[in-house]
Amino acid sequence: MPELPEVETIVRGLRAKITHLKFSKVAVNLNKCVQESPQFFASSLEGRRILFVERRGKNIIIRLSRGNTLLIHLRMTGGLRWVPSHAPMEKQTHVVFSFRGHPWQLRFLDSRQFGRLSVEKSGAGGNLDSLADLGPEPLEISAMEFAARVRSKRRAIKPMLLDQHFLAGVGNIYADEALHRAQIHPRQRVEVLEDKILRRLYYALRQVLRGAIRAGGTSVRTYVDANGSAGGFQKLLRVYGREGGACRSCGTSILREKVGGRSSFYCPRCQRILKKDRSLSRKFIA
DNA sequence: CTGCATGTTAGGTT
DNA sequence: CAACCTAACATGCA
């Protein structure tokens, strides 16, 4: 659930709260949530100051003094809560961060225990080894770069959008929403798509991601931000989770189908599969 | 009870 | 190597 817009919302909220604070105690209640040993994890953070908070793809990056970085990936059901220290512990609270001279805590929760926290030394230019394989940020690359990247692959469009090596941060919800807005079938082979259509997809994807950030993310199941507030983009979804509902563009019933192993929602009328243009290729041969 | 769900990774096959 | 499929992770919900 937390995809780029949700993680961006969390990061923005966190930034205002925890920048410049210094970790006092870090308590790990569930060892498997942290990559390293709980002792090493806690001692790598305690006594260090938070310099700034940023996002890369779906990762939350908390830069610390003396070259350490706290990395958090929420996966499916992970969440962070910024609460007064005396607030009752919510169930499934796996890590608790306290700050020197501050009456509030940051807590990590995760019902399915898939989320992961780790500490890492930043390399040259602040690079982090574990994020080295991530593709570019969809809100930072140009339309030209995007098209060139798509052209280097031969596969279906939706699994490609979900591939974090291809683009960082796009998940199931925003892939479906962008494809509907660009009128592309999730199973469409990319090698058939013309420049015009790729440009349309690029702008649709950015529009969806920006709109979702503006709305504070999409709350379909469990997602709320670090202050416990729900997002608002679920009201603006055109296809995701709307199987059987009317397409907002043409009224046709929205279908749901597995593509690359994930449920995909789309309008069979607005999003048709394009076949290779045979007349073009024949002309090419002649 | 069964089946399914957001993300990622590992491992295998084509 | 690229693309693709499946299973696994652990829990909650319909």
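In the text below, chain A, chain B and the rest are named by the order of the sequence lines, each starting its count at 1.
Residue pairs satisfying the salt bridge (charged side-chain N to carboxylate O under 4.0 Å, His left out) criterion with at least one member in residues 25-52 of chain A, sequence neighbours excluded, are absent. Among residues at least two apart or in separate chains, side-chain hydrogen bond (donor to acceptor under 3.5 Å, both in side chains) pairs with a member in residues 123-136 of chain A are A:Glu120-A:Ser130. Residue pairs meeting the side-chain hydrogen bond (donor to acceptor under 3.5 Å, both in side chains) criterion with at least one member in residues 99-109 of chain A, sequence neighbours excluded: A:Ser98-A:Gln105, A:Gln105-A:Arg107.
Here, B:dC1 and C:dC9 have their C1' atoms 22 Å apart, quoted to the whole Å.
A:Leu51 shares a hydrophobic cluster with A:Phe52; the chain of contacts runs through ILVMFWY side chains whose heavy atoms sit under 4.5 Å apart. By the 4.5 Å side-chain criterion applied to Ile, Leu, Val, Met, Phe, Trp and Tyr, A:Phe114 is assigned to a cluster that also includes A:Met76. Other members of the hydrophobic cluster containing A:Leu71, listed by chain and number, are A:Ile61, A:Leu128, A:Leu131, A:Leu134; membership follows side-chain contacts under 4.5 Å among ILVMFWY residues, whether direct or relayed.
Where DNA chain C meets chain A (any atom under 4.0 Å from a heavy atom), the bounding nucleotides read 5' to 3' are C:dA3 to C:dG12.
Atom P of nucleotide B:dG7 and atom CD1 of A:Ile72 are separated by 18 Å, given to the nearest angstrom.
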Dot-bracket for DNA chain B: what is it, with Watson-Crick or G-U pairs under 3.5 Å, [ ] where a pair crosses earlier ones, and | for a pair to another strand?
-> .||||.||||||||
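Toward the 5' end of DNA chain C, the nearer of the two residues A:Phe114 and A:Arg154, judged by each one's closest nucleotide, is A:Arg154.
Legend: residues meeting salt bridge (Lys or Arg N to Asp or Glu O under 4.0 Å) with A:Arg81, ordered by chain and number and at least two apart, are A:Glu90. With sequence neighbours left out, A:Asp110 forms a side-chain hydrogen bond (donor to acceptor under 3.5 Å, both in side chains) with A:Thr77. With sequence neighbours excluded, the residues forming a salt bridge (Lys or Arg N to Asp or Glu O under 4.0 Å) with A:Arg56 are A:Glu137, listed by chain and number.
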Going 5' to 3' through nucleotides 8-14 of chain B and flagging B where a protein heavy-atom sits under 4.0 Å of the base, S where only the sugar-phosphate is that close, and - otherwise, we get B------
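At the heavy-atom level, A:Gly261 lies nowhere under 4.0 Å from the strands shown.
Ring centers of A:Tyr266 and A:His180: at least 6.0 Å apart, outside the cut-off.
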